[in-house]
Amino acid sequence: MIEQLLNGLALGMVYALIAVGYSLVFGVLRLVNFSHGSVYAFGAHMALFFVGLQFGVIPAIVFSIILTGILDILIDKFSLAPLRKKKSKGIAALITTIGIAYIIQNLLMIFFGSQTKPFPAIFDYGYVTVLGISIKSTQLFILVVSLILLAILTYVVKFTKIGLSMRAVEQNQKAASLMGINVNSVIRFTFFLGGASAAIAGSLISGYYQVVYPNMGFLAGLKAFSAAVLGGIGVLYGSIVGGLVVGVSESYAAALLGGSYRDAVAFIILIIVLLFKPTGLFGKKDITKV
Amino acid sequence: MAFLEVKGVSKHFGGLAAVDKVSLEVNQGEIISVIGPNGAGKTTLFNMLTGAHALTEGEIIFDGEPIHNHTPQEIVEKGLARTFQNIRLFPELRVIENVLIGMHIHTQYSFLDILFRTKKFRKIEVEKHQRAIDILDSIGLKQQVHNYAVNLPYGDQRRLEIARAISTNAKILLLDEPAAGMNPQESEELLEFIKELRDQGYTIILIEHDMNVVMNISDRIVVIDYGKKIAEGLPEDIATNKRVIEAYLGRSE
Amino acid sequence: MKKRMSFLLVFVLLIVSFLSACQKGSDTVKIAVVGPLTGDFAEYGTGFKNAVELMVKKWNDEGGVLGKEIKVVAYDDKNTGEEASSIAEKIVSDKGIIGVVGHFASGVCMAASPTYQESGIVEISPSASHPDYTSEGDYIFRNNTVINMEAKVAADLAIETLGKKKVGILSVKTDWGTKTAEITKDLVVKGGASVVACEEVVDGTLDFSPNITKLNDAGAEVIIVAAMYNILAPFATQYKSVNPNIELVGFSNAYSQQLIELAKENAENIHFPTIFFHASENEQVQQFVKDYEEKYGQMPSSLTAQAYDSAGMILTCIKNADKVSREAIKEELTKLEYPGVTGVTKYDDLGDAIKKFTKVKVENGQFVEIDN
Amino acid sequence: MAKKLALKNNTIVDWISKLRNYYYAHKKVFFIALAVLIVLTPYISPSQYILRIIIMVGIYTILALALGLVTGYTGQVSLGHASFYAIGAYTSALLSTHFGLNFFITVPISAIVAAIGGLLLGLPTLRLSGTYLAIATLGFCEVVRMILLNWQSVTNGPLGVSKIPRPSIFGYELTLANNGLYYLMIVLLILTTACMIAIVRSKMGRALKAIREDELAATMMGIKTTYYKVLAFVISAFFSGLAGAFYAHLIRYIDPNTFVFDTSIMILSIVILGGMGTINGMFLGSALLVSFPEVLRFLQEYRFVVYGIVLVMMMRFRPQGIMGGQKKSNYQFPSGTIMNRNTTQTKFSLSQENSVEGGV
């Protein structure tokens with residue numbers, strides 16, 4: 001059963017990396033970014049594109065991170081910022097992100113074709129024994145890389161100036177702008193982080209399964225979102241814990257109940273969390289003043 | 001037995017006692033003003049009266065029945081309606097609809113009446129619309145009937161909020177700073193309007209900062225500072241009361 | 001007026017009817033090809049379209065059929081039943097169209113076939129495999145392997161050719177996958193081997209480790225995989241990293257170039273029953289593969305080849321019946337023996353094609369025929 | 001580019017509002033003409049293909065009206081309405097194929113089963129608000145789809161349910177050819193529209209709108225907000241189930257992949273494009289978005305990119321939808337209200353109010 005746990009952890013780490021994107025954007029804008037799943041798929045395809053141009057796997061991933069980060073900035077700049085300026089209702093932004101998801105996903109299908117395409121394995125040296133447990137090198141790579149990246153992300157948010165302004169904007173946009181914080185550029189930076197983490201997740205998962213296809217974002221996005229909600233949306237380390245829980249429970253469900261219950265597990269967790277503790281494990285209740 | 005009895009009510013937010021053992025009595029047909037510096041706990045008191053906040057301790061008896069810690073819906077049904085410090089109308093609904101929503105609790109027809117549009121349904125709808133027009137006519141908003149609440153000028157929005165409170169058939173009206181942001185001419189009209197309400201038999205509790213309005217309309221004044229009731233009495237006594245002046249103008253050490 | 005309707009419903013009604021006024025053309029004959037051109041299965045729909053266009057070009061170069069030029073009308077049904085049945089209505093009402101090659105997934109075919117049957121136009125699906133698809137009516141045919149025949153060959157491959165006794169089964173949870181797994185199970189037991197474990201996965205799954213662990217622990221020596229290449233390839237890769245000498249048997253719809261591209265060396269020694277073998281010495285197949293690669297730049301898969309033959313059959317029926325009528329095509333099809341790239345096709349009274357299978361396996365990156 | 005876009009754009013917006021006002025001004029004439037046209041449509045439509053599209057427009061209008069009650073009027077975003085659509089379709093399909101029950105028995109049952117589904121989803125989740133509710137409904141829809149896929153013994157799993165019988169009245173089968181299905185759809189559409197209008201123009205409709213505008217103020221006015229939110233969900237699920245049942249008998253084969261996330265988003269886009277908090281907006285929205293893929297079939301793979309762009313543009317330049325937002329026309333008083341009644345006695349005294357109640 002140890003093997004299932006390892007599978008779950010590796011899968012969970014990837015979900016965590018995507019979930020972080022949801023949490024960052026939700027924290028700052030109180031908005032669920034539905035296009036995040038397709039941005040994750042975009043990141044994977046960009047990495048594939050650069051690998052195709054005979055770049056090494058790692059440089060390809062770096063290019064993809066930058067490009068996807070820029071894509072997320074453009075998404076905010078051209079479709080979400082105007083809505084913020086117009087103070088339009090929350091639902092308008094929600095539907096906009098769904099529209100963007102349709103655009104990105106179908107453009108990927110047009111330019112890359114809908115076939116399942118091969119992606120080179122990353123760091124694949126068969127089995128490695130660590131502390132007595134034999135673990136696939138690719139799994140180990142994902143665990144290590146994700147932990148490092150999530151650590152960097154937490155450091156940026158917790159200890160840097162830009163991190164401080166991000167948290168300020170999260171608490172109260174108006175007050176933050178009064179304190180001289182350029183709210184829009186903070187939001188843009190948050191979107192960049194979101195896009196970058198999605199690109200990393202996309203590349204890692206593609207390297208792990210060595211497969212890329214345009215619709216990979218939809219289901220992974222939804223599961224990552226339920227991980228974000230489980231951990232407490234808006235709370236960074238919450239997404240990591242949430243991701244791991246969803247990843248592990250999915251693997252065990254697949255092992256015990258059978259492959260066809262794998263996707264249902266994530267949604268059942270989501271609904272249970274929403275019913276009993278909508279703010280999630282680590283979330284905080286925001287009280288609405290009369 | 002007074003019309004409304006508030007006995008030793010408190011509200012603690014964590015350690016802070018926003019309202020600390022306040023008691024007061026209101027008789028039918030009276031106008032009571034509740035004054036005090038900002039953050040003294042006036043609005044919190046209103047929230048406790050209307051069921052928005054649960055009480056930490058104390059009791060509220062209205063017309064002989066306890067209403068503390070009841071749901072806002074039950075309290076409105078008993079006849080205690082309020083307006084809000086920062087106007088909370090239904091912005092994208094028409095003026096007439098705002099008033100009709102106030103009548104929601106007294107519009108007695110069933111879901112089946114709605115579905116089959118029975119005679120009873122149509123009779124009650126006409127009646128409610130008729131009453132809504134009368135109320136709007138009485139506060140001079142009749143020509144705005146078709147307009148949307150958000151488009152009204154500030155003064156009209158304040159009055160629409162009061163009209164909405166009236167339409168709930170309330171016996172006691174809790175007006176939270178109705179004159180806030182009004183020019184002298186508008187607050188003068190408001191004064192007249194509140195006097196008319198009192199003449200029609202309404203009991204009114206007012207939170208207000210405009211001393212001109214408070215001094216010449218209130219039967220009695222209650223002063224609250226840091227959540228405690230520091231004075232109560234006729235307008236003249238309150239104007240000369242040392243502790244009240246201190247509360248407003250600050251301690252002279 | 002109790003009911004309130006928007007006048008704009010009328011307004012839209014006009015633009016829709018205006019725009020799709022059907023073009024009448026007397027001296028052309030139209031064949032419709034329908035499949036997913038967008039969405040997850042776009043590659044299969046596009047494969048159908050390419051194959052039918054290639055066949056029609058071949059006939060047009062030889063003067064069309066009965067002197068009439070043949071035109072191809074392609075539709076995208078996004079692989080959903082709702083769009084498929086709307087398109088079916090559109091095809092049926094366009095008198096110029098005399099035959100339909102299409103719909104991809106069985107469910108989608110079955111959503112559209114009542115319409116084709118009611119108005120009497122032949123529908124040949126190159127890929128539908130749902131058992132009661134052809135029972136919809138006498139106009140409904142398929143140029144695809146019938147599950148129990150193909151499963152028989154797959155079982156033989158696993159038991160006779162590979163000589164394994166302990167068989168595992170992995171199936172994708174679609175109508176085809178579930179049905180195939182069921183039938184294969186009985187055939188394996190009848191063939192004298194034992195089914196040690198059965199695993200089901202949802203389409204689009206990538207992580208097979210739980211299923212592999214179970215199959216491997218059950219001691220499976222060969223896995224029969226009832227799924228497309230997008231599942232067979234990653235499954236092969238992941239299983240071989242756990243148990244390098246596992247044997248795998250796929251089905252004809254996973255027989256495509258993408259499988260080798262995706263699984264690379266892990267595709268070695270995977271065995272297939274197939275009715276289309278692109279490297280067979282048959283001259284007609286060589287020609288088709290050459291033309292297809294020339295025009296579209298990739299090797300045709302078995303489903304594409306089956307679409308190619310379907311178009312071929314419709315045109316041959318017109319020639320045999322010597323008149324262009326939907327009714328005639330149906331009559332001729334039941335009598336037809338069509339030597340195509342996917343072997344000789346002959347229809348039973350239900351509309352299913354009885355096909356001869358060739359056994360194939362992957363050897364150093366190539367599909368190679370095995371003499372059974 | 002943005003400036004030019006804005007310029008081009010408010011010409012569109014003017015064009016839309018001019019059209020809208022023209023429509024409101026001549027309401028009577030339109031409806032009579034429309035009624036006549038609806039009855040004759042099957043005979044004047046050039047092909048059954050067009051008729052089928054119109055039937056699909058009708059089905060999606062019913063779905064939009066149902067979702068409109070929850071999202072348009074009560075302001076609760078639901079991303080999982082395809083689940084009630086699916087429950088309705090499967091219940092009717094299974095009942096008619098296994099027990100051979102007639103359409104006119106299975107449809108009400110399916111609608112009620114869907115309504116129960118609405119209650120199951122509504123009760124626990126309506127404590128949530130905004131984004132959390134949207135995600136919970138989305139989770140619910142995926143779970144329903146998983147059940148349909150895996151509960152093989154009942155729903156036949158991925159094999160779906162085939163050979164669903166056509167509706168029939170006393171043995172006379174309604175099919176597309178004899179326009180029976182078309183008129184059946186019109187009947188269901190009229191039923192749904194009438195119910196929705198009745199609900200909207202009553203104290204319940206006003207209560208729902210109050211919840212949308214300011215839930216706290218609504219509570220303070222004595223409205224039991226949770227009760228009305230759940231009721232809106234149940235009614236909405238009922239009519240979605242109705243549409244699902246009709247769809248099953250129209251298409252005669254359903255499988256779990258017919259009711260996916262895209263379907264829920266399609267219904268939501270119709271509600272938003274047409275105009276939240278309107279009835280006729282639903283007809284317009286579904287007419288446009290259902291015929292959109294058919295009319296733009298020539299776009300092939302670019303169709304859904306354009307579809308996404310429409311959503312984004314709509315939200316940016318006209319979020320209230322085409323028919324939504326503040327109307328120029330007057331509020332419709334119930335017939336019999338006298339506008340300027342010269343009330344002799346004083347205006348609204350407590351005592352006077354009671355006499356009016358008693359007097360009439």
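Numbered from 1 within each chain, the chains take letters A, B, ... in sequence-line order. Treat the numbers as computed from the prediction; the structure is a model and nothing was measured.
Expressed to the nearest 0.5 Å, how far CG of D262(D) lies from NZ of K78(C) amounts to 6.5 Å.
In summary, R52(D) and E82(C) do not engage in a salt bridge, as defined by a charged side-chain N under 4.0 Å from a carboxylate O.
Screening L159(D), N257(D), N156(D) against D175(C) for a side-chain contact (heavy atoms from CB on, under 4.5 Å) leaves a single residue, L159(D). P158(D) pairs with exactly one of D203(C), T178(C), V202(C) by the side-chain contact (heavy atoms from CB on, under 4.5 Å) rule, that one being T178(C).
When all heavy atoms of S85(C) and I251(D) are compared, the pair lying nearest together is OG-CD1, 3.4 Å. When all heavy atoms of D255(D) and G107(C) are compared, the pair lying nearest together is OD2-CA, 4.1 Å. Nearest heavy-atom pair across S93(C) and Y49(D) is OG-CB, 4.0 Å.
Contact check for N150(D) versus K173(C): side-chain heavy atoms found under the 4.5 Å cut-off.
Heavy atoms closer than 4.5 Å to chain C are found nowhere in M282(D), neither backbone nor side chain.
Across A111(C), S86(C), A42(C), the residue that shares the most heavy-atom pairs under 4.5 angstrom with chain D is S86(C). The choice from E83(C), E136(C), E200(C) that makes the most heavy-atom pairs within less than 4.5 Å of chain D is E83(C).
Judged as a side chain to side chain donor-acceptor pair (under 3.5 Å), and not counting sequence neighbours, Y247(D) has no contacts.
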